[in-house]
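Accompanying notes for the structure given below.
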Amino acid sequence: MAAWHRIADEADLMENMPLPVRVGDLSIAVVRLEDGIFAVNDICTHEYALLSDGYCEEGKLECPLHQACFDIRTGAALNEPAEVPVATYKVKVEDGGVFVEA
């Protein structure tokens with residue numbers, strides 16, 4: 001069963017700067033965009049690399065290894081070499097804390 005986990009303070013998140021977090025065995029990349037805070041699995045689906053080591057621009061999170069891009073809102077793979085989407089996680093902000101459901 002999924003549960004909510006506090007992963008950061010809202011003030012820790014700078015716009016378009018991926019923040020790597022761990023929830024149990026999960027590696028998650030959290031990104032603040034102009035329209036909200038979003039979380040996806042931090043592992044590229046093409047080849048092992050941390051997406052949080054890449055950069056985010058215009059809602060696209062780019063893998064630092066082979067430049068595959070993922071939509072930070074939906075997890076969709078946007079270009080090759082990635083073809084499989086990354087998992088997304090629900091995010092909420094309460095009392096200045098950022099929580100993900102995982």
Side-chain angles (χ1 to χ4, degrees):
M1 183 87 187
W4 289 99
H5 302 271
R6 185 182 176 113
I7 48 103
D9 290 331
E10 189 175 13
D12 294 339
L13 297 171
M14 297 187 308
E15 193 167 319
N16 293 317
M17 297 295 296
L19 176 70
V21 299
R22 297 277 302 174
V23 175
D25 292 337
L26 290 176
S27 293
I28 299 174
V30 182
V31 180
R32 176 195 293 272
L33 299 180
E34 190 174 289
D35 62 335
I37 299 172
F38 301 88
V40 297
N41 191 289
D42 198 14
I43 309 300
C44 181
T45 58
H46 166 250
E47 193 169 320
Y48 187 91
L50 296 176
L51 296 176
S52 59
D53 287 342
Y55 74 94
C56 187
E57 184 175 78
E58 297 177 4
K60 298 176 194 172
L61 186 56
E62 183 175 301
C63 177
L65 191 58
H66 293 116
Q67 290 70 51
C69 290
F70 298 88
D71 185 311
I72 194 67
R73 294 173 182 90
T74 67
L78 300 174
N79 64 292
E80 294 183 349
E83 297 176 356
V84 176
V86 290
T88 60
Y89 304 96
K90 292 180 182 179
V91 176
K92 69 179 179 180
V93 177
E94 289 183 351
D95 299 321
V98 180
F99 296 79
V100 294
E101 186 179 38

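Computation of the quantities below employed the complete heavy-atom set of this structure, encompassing side-chain atoms and omitting hydrogens, waters and symmetry-equivalent molecules. Sequence positions, counted from 1, serve as the residue numbers for this chain.
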>> Taking side-chain contact (heavy atoms from CB on, under 4.5 Å) as the definition, give me every residue that meets it alongside D12, ordered by chain and number, with sequence neighbours left out.
In response: A8, D9
> Can any side-chain N or O of D42 pair as donor or acceptor with the backbone N or O of S52 at less than 3.5 Å?
Replying inline: yes
> What's the spacing between I37 CD1 and I7 CD1 if we round to 0.5 Å?
Replying inline: 8.0 Å
> Does a side-chain heavy-atom distance below 4.5 Å link L50 with P20?
Replying inline: no
> Does the side chain of I43 come within less than 4.5 Å of L51's, by heavy atoms?
Replying inline: no
>> As a quick check of understanding, evaluate side chain to side chain contact (heavy atoms under 4.5 Å, CB included) for D35 and R73, giving each step before the final call.
In response: CA-CA 10 Å; D35 62 335; R73 294 173 182 90; 3.0 Å; yes
> Between V30 and V40, is there a shared hydrophobic cluster once you connect ILVMFWY residues whose side-chain heavy atoms come closer than 4.5 Å?
Replying inline: no
>> I'd like to know whether T45 forms a side chain to side chain contact (heavy atoms under 4.5 Å, CB included) with F70, so could you lay out the CA-CA distance, the side-chain angles of the two residues, the decisive distance to 0.1 Å, and finally the verdict.
In response: CA-CA 10 Å; T45 58; F70 298 88; 3.6 Å; yes
> Do you know which two heavy atoms are closest between G59 and L33, and how far apart they sit?
Replying inline: CA-CD1, 4.0 Å
>> Taking atom CD as the centre, does E15 end up with more than 12 heavy-atom neighbours from other residues, nucleotides or ligands that are less than 6.0 angstrom away?
In response: yes
> With sequence neighbours excluded, what pairs up with S27 under the side chain to side chain donor-acceptor pair (under 3.5 Å) test?
Replying inline: R22
Could you go through residues 81-102 and list every donor-acceptor pair under 3.5 Å that involves a side-chain atom there, pairing it with any protein atom two or more places apart or in another chain?
| from | atom 1 | to | atom 2 | distance (Å) |
| --- | --- | --- | --- | --- |
| Y89 | OH | N41 | ND2 | 3.3 |
| K92 | NZ | E94 | OE2 | 3.4 |

